Peer 1: 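Right, I'll just put the structure down here and ask away after.
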Amino acid sequence: MDNNHCSSSTHNIKVKMTNEKKLQDSWSKNRVFQANPDEREKFFITVPWPYTSGPLHVGHGRTFAIADIIARYKRLRGYNVLFPIGFHESGTPIGAISDKIRKGERKTLDLYRNYISAYEEKNNVNKILETFVEPDKVASYFADKIKEDFTRMGLSVDWRRSFRSTDLPYKRMVEWQFRLLDSQGKIKRGRHTVLFSPDDGNPVGEDDIDDGDTNKVSIEDFVSVLFKGEKFSLAASSLRPETVFGITNLWVNEATEYVFVDFEGKKIAMSEKAAGKIKLQHPEMIVTGKCSAKEILSGEYTIPITGKKIHAYANEHIDPDQASGIVFSVPGHSVRDLQFGKIFGHDLVPIYLINVDGKLSKADDALKKHGDVEVANSELYKEEFYSGYMLEHIPLIGGMKVSDAREKIKNMLIEEKNAFLFHETSRKAKTRNGSPVHVAVFDNQWFIDYLEPEWKAATREAVNSMRFTPDFYRKNMLDIVDWISVRACARKRGLGTPLPMDPSWVIESLSDSTIYPAFYTISHIIGNRELSDDEFNYIFLQDRANGIVYPDYVESAKKEFSYWYGVDERITAQPHLSNHLIFYLMNHTAIFRKKYWPKGITIAGTVISNGAKISKSKGNAVSLLDIVNTHGADLFRLYVAVNSDPWSTLDWNQKDVEIISKKYEELKELIMNAANNAEKPSGIHYSIFASRFRIHLRNFNSEMERYSIRNAYIEIIYEIINDLADLRNMGGVPEIAVSSILENWIPALSCVMPHFCEEIWKKMGKNGFVSNYEMNKFEVMQEDEKIVSSLKYVKNIISDVREIRKVTGIIPNSIEVIICGESERADVEKILRKDFNVGDKKLISMVMKSRGKIDLEIDEKYAMERMAKLIETSLGMPLEWRVYDRIGDRKTPLPGKPVINLIGGVKNADR
RNA sequence: GCGGAGGUUGCCGAGUCAGGUCAAAGGCGGCAGACUCAAGAUCUGCCUCUGUAGGGAUUCGCCGGUUCGAAUCCGGCCCUCCGCACCA
């Protein structure tokens, strides 16, 4: 499996790979992570449940590893920690996968055969694949496998509480939730546009669209304006209806098939393709006959509102497959139209309508400025939209902001039946099986109306009172609260819970997963029972219906809920901010009492692979299973912990894997040897090491409280390894030093490398599991700070000696250190207080000059008495030190800045 | 455009909230030395420039300001990345 750390060293004793599976079994057998209410303070941590359409990748692994490291840390600090995981099966993608497998689609079959092969014996693969024609089988297969993967990662999860979003007891809760929201007046119906596949007869999502994940498709609202001719009208489309006052002509593509369509009893012309699409938005618009481009080109047309008469010109660049396939031309404000005029030899006189920053905005100028037609066009569009004003003389909209003018003209034209909306995709899109994607309009779409001001106010209150890591996301979230409007909450297909108000709809998959963490608190108690609304009201809202005696399981569910709820920390990825997390927060504030509102959110950064963004289409997704198989869970977790803080980008790459893997092997070997060591440490270097360790441990704790996992583990791993290097230079033996700190070190390390630490814990003869060990309250001793600052002082002397040696080229026989005496010290203090009444006047200028270097805190005598030997060992030469004598010494030491003399020796000829 | 984050010494990446102890952690990489027949691994030192005594000069996107003192505070500018929806 793995040969990359086996080959790394030849003489090093190879530490055998920890049998992680064995330890996981033992945790599970002993119910180490099953959490039940008790007298301790609780800590409830969650991660959004994984979607069960396939195996997990490194990104999931990271988020869950972060959550687990925090969960384990909190246990260490004495909290009763609940970390549950369920599975999300709602939504359309799983069904789509089954469809494709049923249809025998090659790509999907290969992909899923591949996925299954990672878990199964060769001859079982096809058998399992065949069952995937049932969506439920896909979901349950991957739910099981994901659970296995998580277990293999060493996650400290209470699996008793796991459930799936398609389980009946949970669906009952979703129904309860929606009836409750409905009774609060938050559920509405209305008009809604969706991306739609006419071939499949279904709305399509990002996952259904070819390249949908990398090249997003959005919906643009064209306005198709009717230009009245003698026999019929033309529907000419634009995103900029406010420019009707600047129209000079119409563009028509001669090579295109045009048709007549009936609109409100009027005969209107549009491209044949357009007629096909508009049916999805206006089913009443029926094709009534063919129409030739020639016919269109021969007519004269009237611009609505202005009444001006214009002509249509031929232009083969007009795309018949965009909106109505006829375009109105505004050469004053469209660089494209301006160019077309030149190309086709029409002398179009631009009419200017818009000021930007008090200056007339002209397509001509934009073209000169940007050079490229397309760039100039889109720059002009943005500029005019965001900072443009209509010129004062224009009727109806004179002086208005362009964005407001656009709304006004659009609404007016539509009201007067002189235009209709033509929704179009932002780019040409196909589904993954090649059917076209168009825009359809649903008239009776169900919504959750998030606009209600009191609801938003409550959510703002929640956001302000909770913890965000990193904190800047709080502001981000407040903006999202302002921005959220209505959310389509049901769809016509996919797995999930039927909408209780109208079971022909299925509740949309993000909307069914907003308050589900509450269900973790009771799922193991209620089992397969389907609770009534009444019982949910009692458990979650403490709302007792008159005279009802609830069964025991309801009573104990209520107790569990009130002990555990409020989610203390939710770890999730950044893209969830404006969808899942806002619904999560809003639904909690709508349903629960304040004390049960969420208390913390940590936003995990993106995971990239070898410096590149991970995407399905690039095929650079790394499977979590592969990683754990190859490197083991502990190494993966260490990588996650040490390579970046939770909220920054994590790059998963081979080079860093190797570096960390090497460090990890060294660390394991060191600890193994230390665990076997029987020798007691004695000597100053060991007490220095112990003092430094206590300080590292204190810093570790304070970093972990902030979830700065990276800093915490640099402090508790790398810093200690560096300390050991110092220790060795001072003549100490690392194993002996380490053996004295294992009792506290192993628990701290166990959050990231639980398997190895659990094994060592046992080897150390400890009872119980390090995984639920409660770390002693320990304190950094006063002495520790003193020792560490002394060490810093001594190290400064060492580097000063080196520097003098380097600069002078002298290689001395010995070193003399003269430290500041009590009376000079008192004088220095006086001088620093601006009291210049001191005996030695030359001290004044010295002190003022090197103010920054003076350290009044350090006890130099203490340091030299204990650590002078260390200087000798490090420099490899004898040292003498004494206190300054005013009569005999030429140079004067300052506090924290001793005089160093190199004694004897020769000048290095090389210099 | 709106909103958010960021630009640090060869590279990655801390430090910026709480200004001095910051020529600036750590890692990678490079150079030199120790060990070794050799290579690798490991260890030690060095890696802005400069200096025959621990010093000096110039650096933290650019320009200006506040301050005895700015990578850190304030103002302006340039550049990069992310989100802007009904998709899990």
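Computed from a predicted structure; not experimentally measured. Below, read A as the first sequence line, B as the second, and so on, with proteins coming before strands; counting in each chain starts at 1.
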Peer 1: Where do N or O atoms of nucleotides 28-31 of chain B meet protein N or O atoms at under 3.5 Å, pair by pair?
Peer 2:
{"from": "B:C28", "atom 1": "O2'", "to": "A:Lys655", "atom 2": "NZ", "distance (Å)": "3.1"}

Peer 1: Looking at residues at least two apart in the chain, or sitting in another chain, which of them share a salt bridge (charged side-chain N to carboxylate O under 4.0 Å, His left out) with A:Arg728?
Peer 2: none

Peer 1: How is A:Asn579 classified with respect to the nucleic acid when contacts are heavy atoms under 4.0 Å: base, sugar-phosphate, or nothing?
Peer 2: base

Peer 1: B:C87, B:G54, B:A25: which one has an atom nearest the side-chain heavy atoms of A:Leu510?
Peer 2: B:C87

Peer 1: What is the pairing partner of B:A57, taking Watson-Crick or G-U wobble pairs with both distances under 3.5 Å in any strand?
Peer 2: B:U48

Peer 1: Under the ring-ring contact (aromatic ring centres under 6.0 Å, His included) rule, collect the residues that match up with A:Tyr584, sequence neighbours excluded.
Peer 2: A:His580, A:His588

Peer 1: For B:A41, give its Watson-Crick or G-U wobble partner with both distances under 3.5 Å, or none.
Peer 2: none

Peer 1: With side-chain hydrogen bond (donor to acceptor under 3.5 Å, both in side chains) as the test, would you mind laying out the steps for A:Ser644 and A:Arg710 before giving the verdict?
Peer 2: CA-CA 6 Å; A:Ser644 65; A:Arg710 177 169 187 261; over 6 Å; no

Peer 1: Quick one: which residue pairs count as a salt bridge (Lys or Arg N to Asp or Glu O under 4.0 Å) with a foot in residues 572-584 of chain A, not counting sequence neighbours?
Peer 2: none

Peer 1: OP1 or OP2 of B:A88 less than 4.0 angstrom from a side-chain nitrogen or oxygen of A:Thr92, does that happen here?
Peer 2: yes

Peer 1: Can you tell me which nucleotide in B:G45, B:A88, B:G54 comes closest to the side chain of A:Pro898?
Peer 2: B:G54

Peer 1: Applying side chain to side chain contact (heavy atoms under 4.5 Å, CB included), can you list everything that pairs with A:Lys786, at least two apart in sequence or on another chain?
Peer 2: A:Asp859, A:Tyr862

Peer 1: For the side chain of A:Asn476 and the base of B:A5, is some donor closer than 3.5 Å to an acceptor across the two?
Peer 2: no

Peer 1: OP1 or OP2 of B:G4 sitting under 4.0 Å from any side-chain N/O of A:Lys475?
Peer 2: yes

Peer 1: Spell out yes or no: do the side chain of A:Ser90 and the base of B:A88 have one donor N/O and one acceptor N/O closer than 3.5 Å?
Peer 2: no

Peer 1: Ignoring backbone atoms, test whether A:Lys897 places a side-chain nitrogen or oxygen under 4.0 Å from the OP1 or OP2 oxygen of B:G55.
Peer 2: yes

Peer 1: Taking all non-hydrogen atoms of both residues into account, name the closest pair between A:Met477 and A:Leu577 and its distance.
Peer 2: CE-O, 3.7 Å

Peer 1: Could you check whether the rings of A:His88 and A:Tyr51 sit parallel, tilted or perpendicular, using 30° and 60° as the cut-offs?
Peer 2: perpendicular

Peer 1: Have a look at A:Ile900 and say if it touches a base, only the backbone sugar-phosphate, or nothing, with a 4.0 Å heavy-atom cut-off.
Peer 2: base

Peer 1: Return the nucleotide paired to B:C62: Watson-Crick means purine N1 to pyrimidine N3 with N6-O4 or O6-N4, wobble means G-U with N1-O2 and O6-N3, both under 3.5 Å.
Peer 2: B:G76

Peer 1: Each nucleotide N or O in nucleotides 10-19 of chain B that has a protein N or O under 3.5 Å away: list the pair and distance.
Peer 2:
none

Peer 1: Ignoring backbone atoms, test whether A:Arg805 places a side-chain nitrogen or oxygen under 4.0 Å from the OP1 or OP2 oxygen of B:G45.
Peer 2: no

Peer 1: Counting only N and O atoms by type, is there a donor-acceptor contact under 3.5 Å from the side chain of A:Thr808 to the main-chain atoms of A:Ile804?
Peer 2: yes

Peer 1: Heavy atoms from C-beta onward define the side chain here; which of B:G45, B:U21, B:A53 lies closest to that of A:Arg802?
Peer 2: B:G45

Peer 1: If you compare every side-chain N and O of A:Ser509 against the phosphate oxygens of B:A88 (OP1, OP2), does one of them come in below 4.0 Å?
Peer 2: yes

Peer 1: Suppose we define a pair by two distances each less than 3.5 Å, Watson-Crick or G-U wobble; what does B:G26 pair with here?
Peer 2: B:C12

Peer 1: Which whole number of Å gives the distance between the P atom of B:C12 and that of B:G4?
Peer 2: 27 Å

Peer 1: Of the nucleotides B:A88, B:A25, B:A85, which has the atom closest to the A:Glu719 side chain?
Peer 2: B:A25

Peer 1: Choose from B:G54, B:A5, B:C86 the nucleotide whose nearest atom is closest to any side-chain atom of A:Ala488.
Peer 2: B:C86

Peer 1: Could you list the residues that satisfy ring-ring contact (aromatic ring centres under 6.0 Å, His included) with A:Tyr115, not counting sequence neighbours?
Peer 2: A:Tyr112

Peer 1: Quick one: salt bridge (charged side-chain N to carboxylate O under 4.0 Å, His left out) partners of A:Asp800, sequence neighbours excluded?
Peer 2: A:Lys897

Peer 1: When you measure from the side chain of A:Phe472, which nucleotide among B:G4, B:U52, B:G26 comes out closest?
Peer 2: B:G4

Peer 1: Using purine N1 to pyrimidine N3 plus N6-O4 or O6-N4 for Watson-Crick, or N1-O2 and O6-N3 for G-U wobble, both under 3.5 Å, which nucleotide pairs with B:G83?
Peer 2: B:C2

Peer 1: Separation of A:Leu577 atom CG from B:A5 atom P, in whole Å?
Peer 2: 12 Å

Peer 1: Checking A:Asp449 now: which residues fulfil salt bridge (charged side-chain N to carboxylate O under 4.0 Å, His left out) with it, not counting sequence neighbours?
Peer 2: A:Lys188

Peer 1: Applying the Watson-Crick and G-U wobble criteria at under 3.5 Å, what pairs with B:U36? Answer none if nothing qualifies.
Peer 2: none

Peer 1: From the list B:G54, B:C87, B:U42, which nucleotide is the closest neighbour of the side chain of A:Glu666?
Peer 2: B:U42

